[in-house]
Protein chains: 2
Amino acid sequence: MINNHFRRGELYSVINGMASTAVARRLQKNFRNAGLDITIEQWSVLYHLWKEDGLSQQELCVRTFRDKPSITRLIDNLEKQSLVKRVASPTDRRINLVQLTDTALELQHITIDLANQTMAEALVGVEKHEIEMVKSVFQRVYDNLTMATLEVL
Amino acid sequence: MINNHFRRGELYSVINGMASTAVARRLQKNFRNAGLDITIEQWSVLYHLWKEDGLSQQELCVRTFRDKPSITRLIDNLEKQSLVKRVASPTDRRINLVQLTDTALELQHITIDLANQTMAEALVGVEKHEIEMVKSVFQRVYDNLTMATLEVL
DNA sequence: TGATATTAGTTGCATAACTAACTATATGAT
DNA sequence: ATCATATAGTTAGTTATGCAACTAATATCA
């Protein structure tokens, strides 16, 4: 009886508490074993900067699905490690453009290799079309919730 | 070129940063709007206790996929709010059995309704067989990583 | 031009996560 | 019985998240 009530909550639990956390932890461990002293959250910021350097903090918020304070502090920590630097935008002094340092550029290939390796480990026995379906489901879930948020506002 | 390299990392990003976070945030907001002053992490502990009261902290670690310090502090905070109490096991004094209070029992139905509602919002347009496939993929991912961990040890 | 609103980013506070090191209790081998 | 080991839980330190309140710079428009 209680199990019927919980069926959907269970899915939430599965999504949030299990696989994604396991992947995150594994990637973190693989970084550490390789002597890399960055967190996966920091890595996810670098990841977007490797794709396009010099993004504003605001743009990083959008691309990493994080809020502004989170990005502020991630950039703080990345700056402490000399992996990025803040450069004021020449056209709008409110904006910080976040730029990679040479050190960060050197990290790109090794960390991407580790991430690919980790995902390969994680995805053993998972078919390509299943991955696509997961992505598609998650896209719809995300859209459902963010669009409903707009309605509420 | 870089996009080929990133394809798998992107999936990680999607899984970890987007949908599950969005669901978590929405559920948290729905709790708050209902005047409920508990976090989703606290709720996830209560959830397992509603299914089976009097679990040890160790058992809660396993069921919630959290480590021991996390459970210690979640129980600390739940105890502050008088939602659970620690009771020493009569047979092994190392063990704390975590027991629900009457206040926590009263929260069960309203919060489960909110969780179901939230998942219903999130899963609009998602077919039942897709949910099953997501669960199955995540189970395999989790197994891949936890079994590999055992090999490593 | 000058008051007002908006936008980008920061700071403070609470909760939560992981790691490592710790205490206390229980188990097991000699 | 004793000493080593394993187990349950706690504590300390660092990082991260969410929210709310804040500053500074820019845009709007009367």
OP1 or OP2 of [N] less than 4.0 angstrom from a side-chain nitrogen or oxygen of [X], does that happen here?
X: Arg86(B); N: dT10(D); answer: yes
X: Thr39(B); N: dT15(C); answer: no
X: Gln57(B); N: dG9(D); answer: no
X: Ser70(A); N: dA16(D); answer: no
X: Thr72(A); N: dT11(C); answer: no
X: Gln28(B); N: dT17(D); answer: no

*Evaluate the criterion side chain to side chain contact (heavy atoms under 4.5 Å, CB included) for residue pair Ile38(B) and Gln81(B); output intermediate values, then yes/no.*
CA-CA 9 Å; Ile38(B) 59 173; Gln81(B) 296 181 259; 4.1 Å; yes
*Output yes when Glu79(A) and Lys85(A) qualify as a salt bridge under the 4.0 Å nitrogen-oxygen rule, no when they do not.*
no
*Going by an N to O cut-off under 4.0 Å, is there a salt bridge joining Asp67(B) and Arg25(A)?*
no
For the side chain of [X], starting at C-beta, report the closest nucleotide among [options].
X: Gln58(B); options: dG9(C), dA8(D), dT11(C); answer: dA8(D)
X: Asp92(A); options: dT26(D), dG12(C), dT15(C); answer: dT26(D)
X: Pro69(A); options: dT15(D), dG9(D), dT11(C); answer: dT11(C)

*Which atom pair, heavy atoms only, marks the closest approach of Ala122(B) to Asn144(A)?*
O-ND2, 2.5 Å
*Arg32(A) or Ser56(A): which one's nearest nucleotide on DNA chain C is closer to the 5' end?*
Ser56(A)
*Tell me which of Arg93(B) and Asn77(B) sits closer to the 5' end of DNA chain C, going by the nucleotide each one is nearest to.*
Asn77(B)
*Polar side-chain contact Arg94(A)-dT7(C) base: donor and acceptor under 3.5 Å*: yes
Output the rounded distance in Å from [atom1] ([X]) to [atom2] ([N]).
X: Leu97(A); N: dA8(C); atom1: CG; atom2: C1'; value: 11 Å
X: Phe65(B); N: dA16(C); atom1: CZ; atom2: P; value: 19 Å
X: Leu46(B); N: dT15(C); atom1: CG; atom2: C1'; value: 15 Å
X: Lys68(B); N: dA24(C); atom1: NZ; atom2: P; value: 15 Å
X: Asp37(B); N: dG18(D); atom1: CG; atom2: P; value: 18 Å
X: Leu27(A); N: dT15(D); atom1: CG; atom2: P; value: 18 Å
X: Arg73(B); N: dA17(C); atom1: CZ; atom2: C1'; value: 9 Å

_Stepwise side chain to side chain contact (heavy atoms under 4.5 Å, CB included) test for Val45(B) and Glu41(B)_ = CA-CA 7 Å; Val45(B) 171; Glu41(B) 291 84 2; over 6 Å; no
